[in-house]
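Quick notes on the structure that follows.
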Amino acid sequence: MTDRAQHGHHDQHASHGPVTRVGETADETLEHAAHAHDGDHGHGGIGKYLLVFAALCGLTTMSFLTYSSLWPWRDEPHVGWAFMMAVSCTKAMLVVLFFMHVLWEANWKYVLTIPAAMMAIFLAIMLVPDIGLRTRMVSQERALYMPRQSDVRLMEQAGESKLLSDQAH
Amino acid sequence: MNAPAISIPHGHDHHGDDHGHHGHVTLQYQPGLPLSRGKLIMWLFLSTEIMFFAALLGSYVVLRFGAPVWPKPHHVHLSEPIGAFNTFVLICSSVTIVLALEAARANKASLAKIWMVLTLALGALFLGVKGYEYQAKFAHGIYPWSPRSRVFEKPDLYYGSAVRARLGEPAMIDRLKELDDTPDDKLAPDEISARRRLKQIRQMVMSPDQQAFDLAVVADQVMPLPGEGADAHGAHGLNDTFPWLKLPAVIPGGTMWASTYFLLTGFHAIHVLVGLVVFAIMCTWTLNAKRAGGIENAGLYWHFVDLVWIFLFPLLYLF
């Protein structure tokens, strides 16, 4: 059953059932929508929103945990990345469920979100063979001009060498 | 209720009656999904947006982890606290738009207006901070496009010749001569040191038997790569001391980074801007219960923009 149908008894137009009427003006539709929500203060509520807000702020600070000295996996960046993505997914879920009211929506939410999410995931996976693995097999010429980790090390050594500051004395 | 424009069989059991009345049948239109048309269209739009940003974010992740070298956030002058602040601003604006919707549903138009104006202000603050961050990138020669970008991938001969070309520009020759002729007491202590190092760099770049390491030293002097945990603004290159110098700099992996960073944050900023235009229009309305549907749809869009930033922030600033 839909949300609106459940709250139908609060609705002065309840006799028409859970439908958007043909011939109804836009204003009537909006008014109808407003009436439909008159009775449903079971969800939402400012207290709940502020709680979600506090949780989002807390989670944002948690992303910085990977930078602190308390973080035990400093040598293993993948652990930190996985942790930060888990934090992001939690934040995203909170926003979608509470702020976008998806938690209280009827089952149509799956019709729209699941195919889009699947397409999104496949899209990213399909990029891997061509783009993600592009540097596994490159021409000699390209390998020559490609930046490498050794270039970063060279820069760092140059920074540590103090070549120019020594010459001043 | 009005007679429907389209008659659709309703499935009730008085078929005989229907035929008897020659179309004077009161039938109900059953929408495919039980939600208002505006909201349905917004959700359909958002599902295309999910795929749009998934393609952008997916390409970024795949490019980044497939790259042999990717710059650290400090190498490209990203400041995590500023990014975190912007995250906070967007989360706050998500709360204010939700509160605007709640106020409008309760028919408190003036309260809804306050929350709406606050949302508009927070969104504008986000864009302002983003603009400041872009400016910091541009000041370091990091641009998303080629002729303006002064970023080189590695300290090789191409880099050396670019530095040489820049130092050989007629205006630059005059400016360098002016700097050389300036007496020491007219310069700050760090400028005197920088002038001495600049002179040595000019000799190194012009010398015919330069080594790869010399060019790395040149690149390090122009714009050093800050080390792990170092203060992003602590490392001071010649380009920072003399902003007019605008010498090419080396950031390994920096050009691909700039392309993805500006594309992702740019598209996100455009979405923020569109949201701000919608909010600005709504600020001129009386935000009573009749407008609740509109505010809800604008809010759905805004939360989506927030959602994208929730993923952009760690991917761009913390990885």
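Letters A, B, ... mirror the listed sequences (proteins, then strands); counts begin at 1. When reading the values below, keep in mind they use all heavy atoms of this one structure, side chains included, and skip hydrogens, waters and symmetry mates.
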Just give me the residue among A:Ala120, A:Ser88, A:Cys89 that pairs up with chain B most often, heavy atom to heavy atom, under 4.5 Å.
A:Ser88
Nearest 0.5 Å please: distance from the CG atom of A:Leu123 over to the CZ atom of B:Phe53.
13.5 Å
Look only at the side chain of B:Tyr301 and the backbone of B:Leu46, and say whether a donor-acceptor pair between them is shorter than 3.5 Å.
no
Pick from A:Val111, A:Thr135, A:Thr61, A:Leu50: which one has the most heavy-atom pairs with chain B under 4.5 Å?
A:Thr135
Is there a donor-acceptor pair closer than 3.5 Å between any side-chain N or O of B:Thr96 and the backbone N or O of B:Ser93?
yes
Highest number of heavy-atom pairs under 4.5 Å with chain A among B:Leu101, B:Ile91, B:Leu57, B:Leu44 belongs to B:Ile91
Mind ranking A:Cys57, A:Ala92, A:Gly80, A:Ala124 by heavy-atom pairs under 4.5 Å with chain B and telling me who comes out on top?
A:Ala92
B:Gly254, B:Ala67, B:Gly299: which one forms the most heavy-atom pairs within less than 4.5 Å of chain A?
B:Ala67
Is A:Val52 close to chain B through its backbone or its side chain, or both, or neither, when contacts mean heavy atoms under 4.5 Å?
neither
What do you reckon, are the aromatic ring centroids of A:Trp81 and B:Phe65 less than 6.0 Å apart?
yes
Non-hydrogen atoms of chain A under 4.5 Å away: do they reach the side chain of B:Glu49, the backbone, both or neither?
neither
Give, for atom CG of B:Asp306 and atom CE of A:Met100, the distance between the pair rounded to the nearest 0.5 Å.
9.5 Å
Which class fits the ring pair A:Tyr49 and A:Phe99: parallel under 30°, tilted 30 to 60°, perpendicular over 60°?
tilted
Comparing A:Met85, A:Arg136, A:Lys109 against chain B, the one with the most heavy-atom pairs below 4.5 Å turns out to be A:Met85
Interface check, chain B: of A:Thr113, A:Val95, A:Val87, most non-hydrogen pairs under 4.5 Å belong to A:Val95
B:Tyr158 and A:Tyr145: aromatic ring centres closer than 6.0 Å?
yes
Compare every heavy atom of A:Gln149 with every heavy atom of B:Val69, then report the nearest pair and how far apart it is.
CG2-N, 3.3 Å
Chain B: which of A:Ala116, A:Ser150, A:Pro147 shares the most heavy-atom pairs with it under 4.5 Å?
A:Pro147
Under 4.5 Å from a heavy atom of chain A, the part of B:Val250 involved:
both
Please confirm whether the backbone N or O of B:Pro252 pairs with a side-chain atom of B:Glu153, one donor and one acceptor, at under 3.5 Å?
no
Answer yes or no: is there a donor N or O on one side and an acceptor on the other, between the side chain of B:Arg195 and the main chain of B:Ile192, under 3.5 Å?
no
Please classify the contact between B:Leu99 and chain A as side chain, backbone, both or neither, with a heavy-atom cut-off of under 4.5 Å.
side chain
Against chain A, label B:Thr87 side chain, backbone, both or neither, depending on which of its atoms sit under 4.5 Å from a heavy atom there.
side chain
Specify which of B:Ala219, B:Cys92, B:Ala216 makes the most heavy-atom pairs with chain A at under 4.5 Å.
B:Ala216
Region of B:Phe313 in contact with chain A, defined by heavy-atom distances below 4.5 Å
side chain
Whatever's closer than 4.5 Å to a heavy atom in chain B on A:Leu112 counts as both
With chain A, which of B:Ala54, B:Gly58, B:Pro68 has the greatest number of heavy-atom pairs at distances under 4.5 Å?
B:Pro68
Check B:Lys154 against A:Leu144 and note the closest heavy-atom contact, atom names and distance.
NZ-O, 3.0 Å
Counting only heavy atoms closer than 4.5 Å, note whether B:Ala104 contacts chain A via side chain, backbone, both or neither.
neither
Is it the side chain or the backbone of A:Leu94 that comes within 4.5 Å of chain B heavy atoms, both, or neither?
neither
Minimal heavy-atom distance between A:Met155 and B:Pro155, with the atoms involved, is SD-CG, 4.3 Å
